[in-house]
Amino acid sequence: MDLGLPDISGNVVIERIRARFPKAPILVVTTHMSRKSLISALRAGANGYVLKDATPTELTINIKHTLAGRSPISPALTADIISDLLEIKYPTHDPDEKLTKREIELLERISEGLSYAKCANEMGLQLSTVHSYSRALFRKLGINSKSQAVLEAQKFGINPRR
């Protein structure tokens, strides 16, 4: 699949193919050597992205990989992507810095799978107070659900007490 089609965007064609044939392997073979084009094609539903300067042997291998369910990407672009990923700064989570003692207690109980009512009972608090703590906790951690809270607890090294 080429992205540079005369009358329609290659990404639109990819989306249409993907909608009609969800399991069809789609390999983009293009001259567009930009991260933006790569990401757009993958988001549209392409399985792989290879530059037209690939040798016939490389192209054959990439087609076979696509048919086998892999996602080949030209090495010229993977180097840029890896470089970008290595520059991402992942925050170190230290709950004592960000969270109050009560929020940490609540996070421990959430990670045990307790309901807010049971958390309130164990912590000796009103349910409305636990809801206030959970809103603050979720906001500070940038999360929206209890399941995300469990994952964050694991990142912090907080394990269920039981």
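Keep in mind that what you see is a predicted model, and the values were worked out from it rather than measured.
- Counting only heavy atoms from C-beta outward, the side chains of Val28 and Val50 never approach each other to under 4.5 Å.
- Put simply, the side chain of Lys146 never gets that close to the backbone of Ser111: no donor and acceptor are under 3.5 Å apart.
- Looking only at side-chain heavy atoms (C-beta outward), Ile14 and Met1 come within less than 4.5 Å of each other.
- In this structure a side-chain-to-backbone donor-acceptor pair under 3.5 Å is missing from Ser74 to Leu77.
- Under the 4.5 Å side-chain heavy-atom criterion for ILVMFWY residues, a single connected hydrophobic cluster contains both Met123 and Phe138.
- Taking 4.5 Å as the limit, some side-chain heavy atom of Ile110 sits within range of a side-chain heavy atom of Tyr116.
- Under the 4.5 Å side-chain criterion, counting only non-hydrogen atoms from C-beta, Leu38 is not in contact with His32.
- In this structure a side-chain-to-backbone donor-acceptor pair under 3.5 Å is missing from Ser40 to Ser37.
- With rounding to the nearest 0.5 Å, the separation of CG in Leu125 from CG in Leu106 is 9.0 Å.
- Thr31 OG1 to Asp2 CG: the interatomic distance, rounded to the nearest 0.5 Å, is 6.5 Å.
- Checked by atom type and distance alone, the side chain of Thr66 pairs as donor or acceptor with a backbone atom of Asn62 at under 3.5 Å.
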Report task. Evaluate the side-chain contact (heavy atoms from CB on, under 4.5 Å) criterion for residues Asn11 and Leu3: first the C-alpha distance (whole Å), next the side-chain angles of each, then the deciding distance (0.1 Å), finally the verdict. Result -> CA-CA 7 Å; Asn11 289 331; Leu3 295 179; 3.5 Å; yes

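- Under a hydrophobic clustering in which Ile, Leu, Val, Met, Phe, Trp and Tyr are joined whenever their side-chain heavy atoms come within less than 4.5 Å, directly or via other members, Leu67 and Leu27 fall into the same cluster.
- Between the side chain of Arg109 and the backbone N or O of Leu114, no donor-acceptor pair lies under 3.5 Å.
- Note on Val13 and Leu42: same hydrophobic cluster, where clusters join Ile, Leu, Val, Met, Phe, Trp and Tyr whose side-chain heavy atoms are under 4.5 Å apart, directly or indirectly.
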Requested in this report: Assess whether side-chain hydrogen bond (donor to acceptor under 3.5 Å, both in side chains) is satisfied between Asn47 and Arg18, documenting all intermediate values.
Outcome: CA-CA 10 Å; Asn47 298 91; Arg18 184 61 64 221; 3.0 Å; yes

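- Residues Ile26 and Val29 fall into different hydrophobic clusters, defined by Ile, Leu, Val, Met, Phe, Trp and Tyr side chains chained together at heavy-atom separations under 4.5 Å.
- Of the possible polar contacts, none joining the Glu122 side chain to the Cys119 backbone as a donor-acceptor pair under 3.5 Å is found.
- Under the 4.5 Å side-chain contact rule for hydrophobic residues, Leu5 and Ile17 share a cluster.
- Leu137 places none of its side-chain heavy atoms less than 4.5 Å from the side chain of Arg102.
- Side-chain N or O atoms of Glu103 include one that pairs as donor or acceptor with a backbone N or O of Thr100 at under 3.5 Å.
- Between the CD1 atom of Ile39 and the OH atom of Tyr49 there is a distance of 10.0 Å, given to the nearest 0.5 Å.
- One N or O on the side chain of Gln148 and one on the backbone of Asn144 form a donor-acceptor pair closer than 3.5 Å.
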Requested in this report: Evaluate the criterion side-chain hydrogen bond (donor to acceptor under 3.5 Å, both in side chains) for residue pair Ser147 and Ser145; output intermediate values, then yes/no.
Outcome: CA-CA 5 Å; Ser147 58; Ser145 69; 3.1 Å; yes

